[in-house]
Number of protein chains: 2
Amino acid sequence: MLKISELAEQTGLTAHTLRFYEKHGLIRASERSEAGYRYYNDADVRRAEFVKTARNIGFSLDDIGQLLSIRLDKDSHSCQEVTDITQHKLNEVNGKIAELQMMQQTLQRLLTSCCGGPENATHCSIIEALEEGELPAKGDS
Amino acid sequence: MLKISELAEQTGLTAHTLRFYEKHGLIRASERSEAGYRYYNDADVRRAEFVKTARNIGFSLDDIGQLLSIRLDKDSHSCQEVTDITQHKLNEVNGKIAELQMMQQTLQRLLTSCCGGPENATHCSIIEALEEGELPAKGDS
DNA sequence: CTTGACCTTAGAGTTAACTCTAAGCTTATA
DNA sequence: TATAAGCTTAGAGTTAACTCTAAGGTCAAG
């Protein structure tokens, strides 16, 4: 049985975060001491580690909630439910990557267009490009 | 001279957003009517469009503030200041892309490991992988 | 002169995932 | 037994960039 700070140490989450997750229904201590101290058993620890792993991959706390309830009752959930969550997340990630790559290209292009030197910015091609507009941006295909 | 909703239409920003930007020092109307209505002249419009372009590229409002003050007094700023801001943003974007690509790979790997079918999740390899931990995640190199 | 569209402000709400604080118990150690 | 470390709770604060609301003033058209 671990106290909250011990679980924090094991998982690399803070005690604050563990309480926060509890408030959001992700993790709880199966036992409490008379004084109200949380005590985590092995199953609790595994659950906390599951949460941490999922979080590190990038799942939202909401996603994690769903994954946890599947994990709790695997028999009445399908693999498809799990892949749906995962695929949805992957789509989101792919979308963000595409957006960022757009920004990356534009920034790269701006940087190569400008001397970057100590001369004053009167004819800075980055400033000029921003004044012109017409730069590729989020939403362009 | 444009009223706020007209400028909103021209720029594709909302009137709310324009007032928000004003509160944050990015855009203002050079004139006000007696009743307090904002009136934007050509220079204001160009400034608003500059802001919108920079925002669409992904610069933070803070970055945009800096770019605007360089733009306002180009003679006393260098190209290097501009490239510093741009490079800094590019580094940030590159970092985020790397993080997301990590997530992308992990999610991809999970998806190919799981059947995704209607069978129950008792042996779902995604759930199992999350239980094992040991998945590549943010911070791994 | 009335109606409806538009303008003003200050300030609160949104989102996600924490992060921290205050005030007060509890527990382990010396 | 004193002290320090650790635990509890409710609730506020953080960040970025909006987004919306309420309460009220203005203006153009019919």
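Throughout, a chain's letter reflects where its sequence line sits, starting with A, and its residues are numbered from 1.
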Looking only at atom types and distance, does a side-chain atom of B:Asp44 sit under 3.5 Å from a main-chain N or O of B:Asn41, one as donor and one as acceptor?
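Indeed, once roles are kept as given, a pair shorter than 3.5 Å links the two residues.
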
Quick one: does A:Thr106's side chain have a donor or acceptor within less than 3.5 Å of a partner on A:Pro136's backbone?
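A pair under 3.5 Å: yes.
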
Verify the neighbour count for atom [atom1] of [X]: are there more than 12 heavy atoms of other residues, nucleotides or ligands below 6.0 Å?
X: B:Glu9; atom1: CD; result: no
X: A:Lys74; atom1: NZ; result: yes
X: A:His24; atom1: NE2; result: yes

Indicate whether the side chain of A:Ser60 and that of A:Asp62 have a donor and an acceptor atom separated by less than 3.5 Å.
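Note: A:Ser60 and A:Asp62 side chains miss the donor-acceptor criterion.
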
May I ask whether A:Ile97 and B:Val93 are part of the same hydrophobic cluster, defined by side-chain heavy atoms of I, L, V, M, F, W, Y residues being less than 4.5 angstrom apart, directly or through others?
yes

Qualifying residue, where the test is side chain to side chain contact (heavy atoms under 4.5 Å, CB included) with A:Leu130 and the options are B:Ile64, B:Leu67, B:Val82, B:Leu68
B:Leu67

Start and end of chain A contact along DNA chain C [non-hydrogen atoms, under 4.0 Å]:
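Terminal contacting nucleotides, 5' to 3': C:dA17 to C:dT27.
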
Of all of residues 14-32 of chain A, which get a heavy atom below 4.0 angstrom from DNA chain C, listed by number?
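Contacts with DNA chain C under 4.0 Å: A:His16, A:Thr17, A:Phe20, A:Tyr21.
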
Which of residues 38-72 of chain B sit near DNA chain C, with a heavy atom under 4.0 Å from it?
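Under 4.0 Å from DNA chain C: B:Arg38.
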
Are A:Lys52 and A:Glu49 within salt-bridge range, i.e. N to O under 4.0 Å?
no

Is A:Glu99 salt-bridged to A:Lys96, cutoff N-O under 4.0 Å?
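Between A:Lys96 and A:Glu99 there is no salt bridge, as every charged N stays at least 4.0 Å from the carboxylate O atoms.
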
